[in-house]
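One structure is given here, and the rest of the page talks about it.
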Amino acid sequence: MVTTRHQFASPLQLLALASAGIILLPLGYVTAQALSADPVVWQRLWTTRIPELLFNTVSLAASVAVVTLILGVSTAWLITRVEIPGRRLWEGALVLPLAMPTYVLAYVYSYLLGFGGPAEHLWQLAAGPQARIFSPHSFWGATLVMALDTFPFVYLLSRSALLSMNVSFEEVARASGVSRFATLWRVTLPLMRPSIAAGLALVILYVVSDFGAVSLLRYQTLTYAVFQQMTGRSDNTAASILSLLLVVIALIFLITERWFRQRSRFYQTTGRYRAPERHRYGRLGTSAVISYLGLIVGAAFALPTILLIQWSLSPEALATIDNRFFGFVWNSAILAAGASTGGVLIGLPLAYLACRRPTLLNLSCLQAAYAGYVLPGPVAALAVLILFTTIAPVFYGSVLILIVAYVIHFLPAGLQSLEPALQQLSPNLEEVSRTLGLGMRDTWRRVTLPLVRNGFVVAWVLMFLQTMKELPATLLLRPVGFDTLAIRVWMEASEEYFQLAAPSALLIVVLSLPALALLVSKDWRAA
Amino acid sequence: MLFVCSLSTLWRTVLSSLFLLFIVGAFVPSAPAADSLTIYSGRSERLIKPVLDAFTATTGIQIQLLSSGTTELLNRLKAEGDRTSADLFITNDAGSLELARTAGLLRPLNMREVDRAIPSQFRAPDNAWVGLSGRFWIVVYNRTMVQPDQVSSLLDLGDPKWKDKIAIPNSGSEYLQAGVSVIRATYGDDKTRQFLQGIKANADNQVYQKSSQIVDAVAKGQVALGIVNHYYIYRHLATQPDAPIAALMPDQQEGGMGAIMNVAGVGIVKSTKHLDSAKLLVEFLVAQAGQRLFAELDKEYPLHQDVKADPALVERKNFRAALVPLTKLAELREPTLALIEQVGLR
């Protein structure tokens with residue numbers, strides 16, 4: 001037994017170390033460059049840009065976290081615990097915003113809420129011709145767009161928790177005379193805590209490293225400033241200083257989040273054998289629930305999609321749909337599939353080792369993988385670029401370096417679901433299987449794999465979606481003739497050619513839908 | 001377990017290695033076809049692609065276009081060195097071309113067509129880069145909100161009376177960097193700093209990535225004034241003739257600096273393997289037919305003396321340009337960036 005373990009452990013260990021190394025190299029490059037910078041540059045940045053950028057970044061992350069927490073948990077609870085007509089449809093609809101890139105939502109809202117836009121016209125009908133509404137190019141605009149776009153992360157993970165939770169805990173509480181509300185507060189929510197924390201972590205990391213929305217809404221965050229520095233300056237010293245700050249913020253946050261999760265680890269002793277009871281509300285209550293869900297889905301998905309369809313059908317937009325356009329489609333699909341597959345393969349040993357053998361080394365490897373996500377797209381891109389020119393110039397200008405940048409950048413999105421999937425799996429199950437005479441290989445195939453399959457599928461899908469939408473790294477690393485749909489949207493939308501950007505934007509949304517369908521299908525939910 | 005070596009894992013290893021080889025084969029970039037050129041272009045695709053399409057239509061030479069930011073592409077060319085697949089580098093700014101030349105990225109050219117068509121002040125001494133079209137960094141104003149006599153110099157826009165009334169490009173814009181360089185060379189650092197602090201305060205949140213957005217904001221009345229390259233104004237007016245905007249040629253007063261000029265241009269990358277085709281393209285771009293496209297489609301000032309600018313534009317002989325030579329934009333850039341950063345422009 002001991003010898004087999006060693007045989008098995010060492011290649012896996014090496015693999016994990018190698019993965020962590022690949023992820024840490026860019027980080028090391030940025031850190032080294034930032035720390036070796038002239039103190040004068042540091043001082044100049046501290047006195048000019050850094051206070052504003054830090055404040056903007058942290059306050060945006062906080063406000064988006066609060067809004068997504070409310071939206072995500074409330075919708076998850078309503079979907080799993082309340083009987084409403086078309087429940088299965090709503091269940092899927094709430095995931096749809098994940099197919100909507102932040103920059104698409106941002107450009108739709110900068111049209112809708114913008115100066116002289118439709119929302120302002122409506123408001124002026126009511127409040128007089130001089131009335132102005134709040135500008136989307138502001139803190140609140142950025143909060144609105146980012147929250148509508150990212151709340152499904154919290155929703156998905158909360159819903160998973162509510163579905164796989166052993167309902168007997170709640171039933172025991174109710175049977176002991178605890179009120180329904182107190183049960184929710186004292187039993188259900190605490191049991192959901194690891195999932196909620198994981199979802200919020202995903203949201204905050206997403207906000208902090210987002211480039212598309214904040215740049216279109218002209219809201220200055222650290223990531224946006226890094227991109228501006230990199231594309232507008234010939235040396236990247238200032239960019240790496242700002243990046244280092246980002247990484248530090250993220251590390252502080254991740255360590256806090258880990259600590260919370262450590263304190264609330266629950267093993268699932270049995271699979272979910274019975275659906276929880278769903279409340280039935282009266283007509284008024286039901287329509288209130290439906291309006292609430294409808295408002296969220298409408299604002300985050302339906303309304304933007306209708307606008308995109310309308311714009312795509314305009315003659316200017318239709319004229320752009322030719323062979324060149326289908327080339328962009330192909331490029332996007334290939335890149336996203338490659339990156340998500342690579343991400344799962346690299347993430348698996350990291351997550352597995354950290355769960356099963358939580359030694360300091362293994363945990364550090366896993367934490368290293370998370371840093372990649374907050375290494376902003378542009379900096380990850382530059383570091384990967386320098387790395388490849390030094391160690392493997394033959395790949396230079398190829399798709400491979402772009403995929404490596406994607407994997408580094410989006411691995412945390414995958415790990416966020418790989419890791420809970422492995423955590424929920426009690427080691428006892430594997431041990432029982434071994435005791436009953438199954439070999440290690442059979443145990444893996446017949447016990448471990450089926451139990452963690454869902455986590456893998458979710459991880460793959462999340463990474464596919466994010467890669468397809470990725471902007472800054474693609475802008476910086478794409479080989480010649482490798483424009484993606486995201487690049488096309490960006491090029492047109494940043495000059496406010498809303499119609500011309502629409503077909504590509506709409507297609508990103510459409511291509512993301514099958515992947516999302518997988519997320520909500522019965523297949524992965526059946527534990 | 002999967003990781004224990006056995007016969008079937010061996011097979012799996014063989015198969016996956018084959019698969020990996022296949023993938024690697026797909027990922028290593030293939031050599032481009034002989035009759036095709038790869039261009040890194042810092043100009044907006046909308047402004048340059050029609051001209052390149054016209055070239056393809058005449059010569060049959062295919063073009064692979066990578067459109068991105070000028071500085072970004074310059075950084076990329078530097079990082080790629082001799083391995084770059086780029087044959088030509090097109091930019092929106094002479095300073096960037098000069099920086100590429102001094103970094104040894106561009107190839108000196110000996111072409112009579114270039115010498116004849118483009119006046120020497122608009123190209124590098126060794127023709128490593130050649131200016132193609134002229135543009136002026138000027139003021140766009142909303143006619144319902146501003147009288148043209150309220151502004152005579154670009155520097156007036158730093159005046160506190162324009163608080164929340166102006167829109168400016170972000171500090172990564174090569175136009176802005178070149179413009180500030182010219183102002184520094186003319187008036188010195190102190191006055192320039194004052195100007196930058198003024199426009200920073202006046203513009204506040206109205207800092208844009210693209211010139212076309214600035215023109216849009218002025219046309220909608222969101223702001224009264226903006227600083228942009230002249231052709232964005234005329235391109236906007238060409239599609240929307242009723243827009244309440246107009247161009248204002250600044251700094252024409254007695255003893256004034258003159259309007260800030262820059263050129264968009266092209267250079268042949270040193271490591272190109274398609275020199276003949278690349279030269280054909282340069283020849284096409286400086287010839288009358290190519291120059292006319294820049295004038296008509298883009299509303300720029302053609303640099304070929306025999307080609308007329310669009311009649312809607314202020315006639316070139318009716319205004320003065322600032323006297324700072326284009327090649328100086330390169331050496332002025334670093335201290336300009338330091339000043340911009342010091343002021344804290346976005």
Side-chain angles (χ1 to χ4, degrees), chain A residues 4 7-9 11-12 15 41 44-45 47-49 52 114-116 135 137-138 215-216 218-220 225 227-236 238 338 382 385-386 389 393-400 403 439-441 443-445 475-476 478-483 491 494-497, chain B residues 1-6 23-24 26-29 32 38-40 44-46 64-72 74-76 78-81 83-86 99 170-174 177 205-213 216-217 220-222 333-334 337-338 341-346:
Chain A
T4 15
Q7 266 179 10
F8 151 70
L12 197 61
L15 212 60
V41 182
R44 190 174 65 220
L45 285 172
T47 50
T48 54
R49 304 300 314 283
E52 179 203 6
F115 190 90
S135 163
H137 305 114
S138 64
S215 63
L216 286 176
R218 303 200 305 276
Y219 181 77
Q220 297 278 317
F227 184 86
Q228 285 180 318
Q229 291 283 343
M230 287 195 50
T231 52
R233 302 285 190 276
S234 58
D235 86 299
N236 297 305
L382 180 85
L385 191 140
I386 304 252
T389 35
V394 62
F395 291 109
Y396 201 81
S398 74
V399 180
L400 185 68
I403 288 192
M440 286 195 102
R441 184 202 304 274
T443 305
W444 175 263
R445 209 187 61 224
L475 273 169
L476 291 163
R478 75 206 139 114
V480 180
F482 231 93
D483 282 9
M491 281 187 168
S494 64
E495 293 195 57
E496 300 191 357
Y497 287 94
Chain B
M1 203 117 199
L2 265 182
F3 301 93
V4 181
C5 210
S6 75
I23 296 283
V24 166
F27 282 158
V28 172
T38 299
I39 299 180
Y40 284 7
S44 162
E45 186 186 287
R46 195 179 314 287
Q64 292 280 338
L65 184 63
L66 179 68
S67 299
S68 220
T70 289
T71 305
E72 188 186 327
L74 177 59
N75 291 345
R76 184 165 173 158
K78 275 188 203 158
E80 290 178 341
R83 281 183 302 272
T84 186
S85 57
L99 284 172
N170 71 35
S171 65
S173 144
E174 290 82 13
Q177 295 172 1
N205 192 31
Q206 303 294 328
V207 180
Y208 291 83
Q209 185 104 19
K210 306 275 175 169
S211 293
S212 48
Q213 293 177 303
D216 252 7
K220 282 193 283 190
Q222 192 170 0
R333 165 135 3 156
E334 271 311 310
L337 289 179
E341 210 139 85
Q342 218 178 39
V343 172
L345 280 193
R346 283 177 176 180

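Just so you know, these numbers use all the heavy atoms, side chains as well, and skip hydrogens, waters and symmetry mates. Please read all numbers here as calculations on a predicted model, not as lab measurements. Order of the sequence lines sets the chain letters (A, B, ...), proteins ahead of strands, with each chain counted from 1.
- Looking at residues two or more places apart in sequence or on another chain, you find a side-chain contact (heavy atoms from CB on, under 4.5 Å) between A/Ser215 and A/Phe211, A/Tyr224, A/Trp490.
- Of all heavy-atom pairs spanning A/Gln228 and B/Asn170, the tightest one is NE2-ND2, 3.5 Å.
- For chain A, the nearby part of B/Ser212 is the side chain; its heavy atoms alone come within less than 4.5 Å.
- Both the backbone and the side chain of A/Arg218 come within contact range of chain B, judged by heavy atoms closer than 4.5 Å.
- Under the 4.5 Å side-chain criterion, counting only non-hydrogen atoms from C-beta, B/Glu341 is in contact with A/Gln229.
- A distance of 8.5 Å separates CD in B/Gln209 from CG in A/Leu216, rounded to the nearest 0.5 Å.
- Of the residues considered (B/Leu65, B/Leu74, B/Val207), B/Val207 shows the highest number of contacts with chain A, using heavy-atom pairs under 4.5 Å.
- Contacts between A/Tyr497 and chain B at a heavy-atom distance below 4.5 Å involve the side chain alone, from C-beta outward.
- For A/Leu476, the parts lying under 4.5 angstrom from a heavy atom of chain B are both the backbone and the side chain.
- By the side-chain contact (heavy atoms from CB on, under 4.5 Å) test, B/Thr84 is found to be paired with B/Tyr40, B/Leu77, B/Glu80, B/Ala86, B/Val269, B/Ser271, residues two or more places apart in sequence or in another chain being considered.
- With a threshold of 4.5 angstrom between heavy atoms, B/Ser211 does not approach chain A through any atom at all.
- The structure places CZ of A/Phe482 at 11.5 Å from CD of B/Gln64, a figure rounded to the nearest 0.5 Å.
- Summarising the geometry, atom CG belonging to B/Asn75 is positioned 9.0 Å from atom OG1 belonging to A/Thr231; distances are rounded to the nearest 0.5 Å.
- Residue B/Ser67 touches chain A through both its backbone and its side chain, counting heavy-atom pairs closer than 4.5 Å.
- Minimum interatomic distance between A/Val480 and B/Ser85 (heavy atoms only, all atoms of both residues): CG2-OG, 3.7 Å.
- Looking at every heavy atom in both residues, B/Gly344 comes nearest to A/Arg49 through O-CD, 3.8 Å.
- Contacts between A/Arg478 and chain B at a heavy-atom distance below 4.5 Å involve backbone atoms as well as side-chain atoms.
- With a threshold of 4.5 angstrom between heavy atoms, B/Arg333 does not approach chain A through any atom at all.
- With a 4.5 angstrom heavy-atom cutoff, B/Asn205 touches chain A via backbone and side-chain atoms both.
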